[in-house]
There are 2 protein chains.
Amino acid sequence: MPRAGLSPRAVIDAALEMVDESGAAGLTLAGVAARTGVAVPSLYKHVEGLPALRRKATAAVLDEFTARLTAAVLGRSGPVALDRFLRAYRDYARERPGRYQLTVPAADAADPADREVAEAGARAVAVAFALLEGAGITGEQAVHATRCLRAAVHGFVLLEISGGFGLSESTDASFDRLVAMLTAGIFGG
Amino acid sequence: MPRAGLSPRAVIDAALEMVDESGAAGLTLAGVAARTGVAVPSLYKHVEGLPALRRKATAAVLDEFTARLTAAVLGRSGPVALDRFLRAYRDYARERPGRYQLTVPAADAADPADREVAEAGARAVAVAFALLEGAGITGEQAVHATRCLRAAVHGFVLLEISGGFGLSESTDASFDRLVAMLTAGIFGG
DNA sequence: GCCCAAAGCTAATGACACTAGCTTTAGGGC
DNA sequence: GCCCTAAAGCTAGTGTCATTAGCTTTGGGC
């Protein structure tokens with residue numbers, strides 16, 4: 001039996017591939033094992049089980065996502081930065097719906113074991129927060145505004161990637177409307 | 001073996017109880033069987049399997065949800081109706097997070113078998129749509145505005161019920177901010 | 001009171017996660 | 001260059017769950 005040369009990172013990468021193909025709910029150890037050419041129990045040498053693998057994969061996604069958001073707003077500020085932030089957010093979710101879905105917590109999962117994920121999530125939120133602070137919105141106001149932004153764009157992309165918008169009208173136009181509403185709501189209009 | 005006197009509706013009700021207690025992901029046939037005092041295969045006399053049960057439960061939730069939304073806006077119009085609509089929406093999700101979570105589709109699940117759910121969902125969306133049409137927003141504009149409303153409030157409550165808002169600031173105040181932003185964005189401001 | 005359809009059951013299969021405990025391999029120390 | 005140990009892999013076994021097949025029982029209509 002030639003050694004597969006696995007590592008925690010390789011297992012996570014295989015998990016991400018699987019999520020891309022089968023959605024967040026389609027992630028299984030059996031699938032990851034098949035993909036890496038190894039028996040299922042061998043995976044336990046590299047990750048501590050399915051929930052842990054899901055956590056690590058989620059943290060990896062959040063880091064990748066944060067990098068995209070950061071790149072999108074780099075060197076911009078104000079409404080332009082907000083526009084680019086929101087579009088980068090949506091583009092990521094549409095490109096990688098499975099990965100994006102991975103980041104939505106399971107509602108009951110208020111598990112405190114999840115420090116790694118919480119921290120990666122905080123870094124993503126910090127991008128929006130910094131954007132607002134740069135525009136002079138600070139303190140509690142920035143917290144509320146960040147939550148509104150995040151909620152609106154999160155809800156939009158979730159509905160979009162799950163086919164929740166049934167009608168035939170262009171979702172691009174709807175998103176433009178949302179961006180306009182948020183821009184006006186944040187920067188006054 | 002005394003007969004349990006089950007019916008499809010009783011099975012769905014047991015499923016809803018289970019969802020209330022264990023979350024949408026915690027719904028299992030084994031749990032429903034235990035709750036109804038019956039062996040697991042017996043459930044197949046009343047529902048066609050777990051996915052079908054989930055669908056029927058989701059449709060039931062959407063009907064209940066729609067009734068709440070409808071009651072909240074009855075006899076009101078304009079910004080007041082919108083305010084009441086949004087708060088009723090959030091209140092339902094906070095009261096019954098498991099049921100609300102049940103209504104969020106699985107991203108990959110663009111199954112056309114889901115006519116019952118799709119129709120129940122359409123009835124819920126129609127409440128918001130009617131609200132806007134009554135305020136003179138019609139046609140394509142009403143579609144885009146409805147999508148924005150729905151996305152924003154959906155995203156907010158999902159983040160709220162899953163503990164996604166980490167910071168200590170009041171989520172009530174954040175929601176007020178969102179309502180204000182949406183009201184201004186829809187009715188001009 | 002009989003009869004049959006529906007409601008219930010047991011048994012069996014297959015996917016999955018996880019644990020226990022074995023074997024093998026590869027690389028570092030001598 | 002060889003040995004030895006830790007890590008990487010394995011097989012076997014358990015438990016949970018959904019699902020199917022096919023049996024038994026019950027209760028209401030005649």
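Keep in mind that what you see is a predicted model, and the values were worked out from it rather than measured. Just so we're on the same page: letters track the sequence lines, and every chain starts at 1.
- The shortest side-chain heavy-atom distance between A/Asp83 and A/Arg76 does not fall under the 4.5 Å cut-off.
- Regarding A/Leu53, its CG atom lies at a distance of 14 Å from the C1' atom of C/dC16, rounded to whole Å.
- Sorted by first then second residue, the side chain to side chain donor-acceptor pair (under 3.5 Å) pairs that include residues 62-72 of chain B, not counting sequence neighbours, are B/Asp63-B/Arg123, B/Glu64-B/Tyr92, B/Glu64-B/Arg99, B/Arg68-B/Glu95.
- Applying a 4.0 Å cut-off to non-hydrogen atoms, the residues of residues 35-47 of chain A that approach DNA chain C are A/Pro41, A/Tyr44, listed by residue number.
- In this entry the distance linking CG of B/Leu27 with P of D/dA18 reads 8 Å, nearest Å.
- Taking 4.0 Å as the cut-off between side-chain N and carboxylate O, B/Asp91 and B/Arg87 do not count as a salt-bridged pair.
- Taking 4.0 Å as the cut-off between side-chain N and carboxylate O, B/Glu116 and B/Arg55 do not count as a salt-bridged pair.
- Protein atom CG of B/Leu50 is 18 Å distant from nucleotide atom P of D/dT16, rounded to whole Å.
- Both B/Leu6 and B/Tyr44 belong to a single network of hydrophobic side chains, linked directly or stepwise wherever heavy atoms of I, L, V, M, F, W or Y lie under 4.5 Å apart.
- Comparing atom distances between the B/Leu6 side chain and each of D/dT19, D/dC17, C/dG8 picks out C/dG8 as nearest.
- Ion pairing of B/Arg90 with B/Asp172 is present here, as a side-chain N (NZ or NE/NH1/NH2) and a carboxylate O approach within less than 4.0 Å.
- The separation between A/Leu29 atom CG and D/dG15 atom P is 20 Å, rounded to whole Å.
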